[in-house]
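Heads up, the thing below is written out as structure tokens.
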Amino acid sequence: MYAGVIVDVKSRNTDKIFTYKVPEKMNNINVGIRVAVPFRNRIVEGYVINITDNTNISDKKLKEIYKILDDFSIFDEKMLKLAWWIKEYYNCFFSESLQCIMPAGINQGCKEVKKVRLLINSIPENISDRAPRQLEILNYLLENNCIDLSDLLKNLNISYSSVKALEKKGYIEIFDEEINRYKASKFIKTEPLKPTSEQKQAINMIKDSIDSNLFNKFLLFGVTGSGKTEVYLQLIERCIELGKSSIVLVPEISLTPQTIERFIGRFGNLVAVMHSRLSQGERFDEWRKIKKGEVKVVVGVRNAIFAPFSDLGLVIIDEEHEGTYKQSDLRPKYNVKEVAEKRCEIENAVLVLGSATPSIESYYKAIKSEYKLIKLSERIGIFLPEVDVINMSDELSSGNNSIFSRRLYNEIKLNLCRGEQTILFLNRRGFSSFVSCRNCGYVPKCPNCDISLTFHAYEKKLRCHYCGYSINMFEYCPKCKSNRIRHLGIGTERIENDVKKYFPESRILRMDIDTTKTKGSHERIFYDFKNGKADILIGTQMISKGFDIPNVTLVGVILADVTLNIPDFRSGEKTFQLLTQVAGRAGRGEKAGRVIIQTYEDNNYSIKAAKLQNYLMFYNEEIQYREIFKYPPFTHLMNIVIYGKEKQKVVENAAKIYYVVKNTINKFEVKSYNKVLGPSSAPLEKIKNNYRWQIIIKNEDRNNLLKIADVVDLIKYDNDIKIAMDIDPINML
Ligand SMILES: Nc1ncnc2c1ncn2[C@@H]1O[C@H](COP(=O)(O)OP(=O)(O)OP(=O)(O)O)[C@@H](O)[C@H]1O
Ligand SMILES: [Zn+2]
């Protein structure tokens, strides 16, 4: 027997299938098994991806598999197919795509405890007098049946040898039992709600596909509070009835105890949870539960898409517009929406993407009938909150210099009097390098790329980070001639200080990266706020979703412009999404909600649409910009980041890559639209002492980008230079 093995050595020339002989004694070998194999004078880890009876390679050249690492296989043929697709689609090594499938914590293995069990029904006569200790043990086991060995030794205060003696005689058995390190918290069982007619329609449409085992894709576009989660729950229930499994993906930040509770409350111990707050051991145990078919539902973040179900029926991606569904930091840089779609296709499962603010790309696909569009347009039991936009330039000209408009100040006061809670929201922690006019709100943009220009202090220039366009920094606003040019940048601490100053009587909580570093702090702040231990919660995007707190009646957005002017073509979209989501936190109880958005750009379409909470108005405007400036969904982008410690070298290598890319494109018979932008310094020009430059390639045909990536892979760079390529990037900073 021979096995085709992918070795875990990440390089271009080892990215292929190696054939090994399978020793006789390893007849339990299978596809998906992890093995240790000799490879170039050492032993490396590998994954078996096929088994054959013969090979055309001569036996003498072949080495033997050294060892089988686990007593179970990690992936099946269907998963292998998915890994293969990931390799091709995201241009990564096979070992990298297989690594996505590997369960976290596998090298820690299972945790086992020694147990003792009685094998007889009554005390044998011959034992009674001569061995009182043994008799004691048997009597104890007669009462307790099967218990932990350690408990037995402790409770009876006996030695291991007496237990061992009984085992020798065949009266008892000592065995290993796998235990689960993840202890789910207690839950209260909930019953299905009677669906509204909108919900019912949505459920029925999707159910039809589930029932008939048809691969189908749906976009569930439901306003905040329209009961999307109840739709998910009832679809999962249907799958369970049919003996099928479901995967529910949520963004990391909304995987709060509240979210988990809703699924566990409905399906109890049929639910496994997968997210990064679990320890490695806990994650592995959850994976084992799935593998052994003990659970039917997984709720988790991005990588839960690789949950090893063999009977997948449904994949739900909630808040599908969230950027964290793309793996931006590690290879392969996969987008889980695409991976989920592929997995559903392979396994004849149904994909449901849900959002109150679908990504432009997804909504476009729905309009082009690639997804079936289902709408939930009504909030259940409550109205959408009233949203007001305050122009901060007006505040300034009326002599108000504080970060609170007079309106927001008064509303906070009112809430404090009434004992109702307030959320103050800052879109993002400081990205302060864009400039704006405090008088008219003007923000300089690139005429080619329609993104904000970034201020570079050392050369006193404003630069476009896509194409490199630059102008000199100005003292007077080019539009209104005022000299009130300023750099934007406020942090959450600053807001906290000001709240203390203006509302000394208030009790304040803050939730951002700094205050949620330790395990459990996120939950603690959430529950403290929910239980009324504070009047005002200040936070970043962490608080923009999932929060369902009835006593929150006021949401204030301190400065909407922060996300609006990030140098990224999606800044308008991100702003609209955030404002809509955060607005959705107000007025979820019996009392009506108010939302106040502060901005210098009240004429911007993202902000106008957010005020009206009108997704379509936003979409229709945004999609035109995308078409005019040739951004996705009309093109695909590839971002090539060149980074290293020495700036000069980074710039030189970036130039070299640029020419190679240009030449490659010239060789194509390019019928489709294409453009190479840059090289230019990246918006975050220096991260961890590395200088970063970028080249952005736009092309209508994604395959062309893959071809370019292949060519760039072969370029020889200077030693200390690194390249990161990302196709269809989400994060362009
Ligand atoms: N059919 C129903 N009957 C009564 N209450 C319902 C029904 N469906 C949902 N609800 C309730 O309505 C509220 C909002 O529902 P849910 O949280 O599922 O909405 P959502 O669309 O997921 O919201 P968001 O996108 O804002 O998180 C919840 O408190 C939920 O229990
Ligand atoms: Zn530009």
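When a ligand or atom number is given, it counts from 1 through the structure's own listing order.
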Between L373 and Y363, the two heavy atoms sitting closest are CD2-OH, 3.7 Å
Applying a heavy-atom cut-off of 4.0 Å, say which part of I380 lies close to ligand 1: side chain, backbone, both or neither. side chain
Please work out whether any backbone atom (N, CA, C, O) or any side-chain heavy atom from C-beta onward of A356 is under 4.0 Å from ligand 1, and answer side chain, backbone, both or neither. neither
Distance-only donor-acceptor check, side chains T599 and N391, under 3.5 Å: no
T196 side chain to E378 side chain, donor-acceptor N/O pair below 3.5 angstrom: no
Any N or O of R588 closer than 3.5 Å to N or O of ligand 1: yes
Contact (N/O only, under 3.5 Å) between L193 and ligand 1: no
Does either side chain, that of T357 or that of Q577, offer a donor lying less than 3.5 Å from an acceptor on the other one? no
I need the atoms of ligand 1 closer than 4.0 Å to a non-hydrogen atom of T224, numbered in the order shown. 25 (O), 26 (O)
What are the two closest heavy atoms between I290 and M274, and how far apart are they? CD1-CE, 4.1 Å
Ligand 1 contact on K200 by region, counting heavy-atom pairs under 4.0 Å: neither
Relative to the heavy atoms of T196, which atoms of ligand 1 are at a distance of less than 4.0 Å? 1 (N)
Pair Y232, D318: side-chain N/O donor-acceptor within cut-off below 3.5 Å: yes
Could you tell me whether K413 atom NZ has more than 12 heavy atoms of other residues or ligands within 6.0 Å of it? yes
So between E319, E198, R262, whose heavy atom ends up nearest atom 16 (P) of ligand 1? R262
P195 near ligand 1 by a heavy-atom separation under 4.0 Å: yes
Could you see which bit of R379 sits under 4.0 Å from ligand 1, with heavy atoms only: side chain, backbone, both or neither? neither
Check for me whether R585 has a heavy atom closer than 4.0 Å to any atom of ligand 1. yes
Heavy-atom distances under 4.0 Å decide this one: backbone, side chain, both or neither, for Q234 against ligand 1? neither
Parallel, tilted or perpendicular: which one describes the rings of Y625 and Y605, with boundaries at 30° and 60°? parallel
Using 30° and 60° as the class limits, which term best fits the ring planes of Y615 and F576: parallel, tilted or perpendicular? tilted
Which of the ligand 1 atoms, numbered from 1, are nearer than 4.0 Å to a heavy atom of K194: 1 (N), 2 (C), 3 (N)
Sub-3.5 Å N/O-N/O distance, T229 and ligand 1: yes
Does ligand 1 have an atom that lies less than 4.0 angstrom from a heavy atom of S226? yes
Determine the interplanar angle of the F569 and Y631 rings, folded into 0 to 90°, and report it as parallel if under 30°, tilted if 30 to 60°, perpendicular if over 60°. parallel
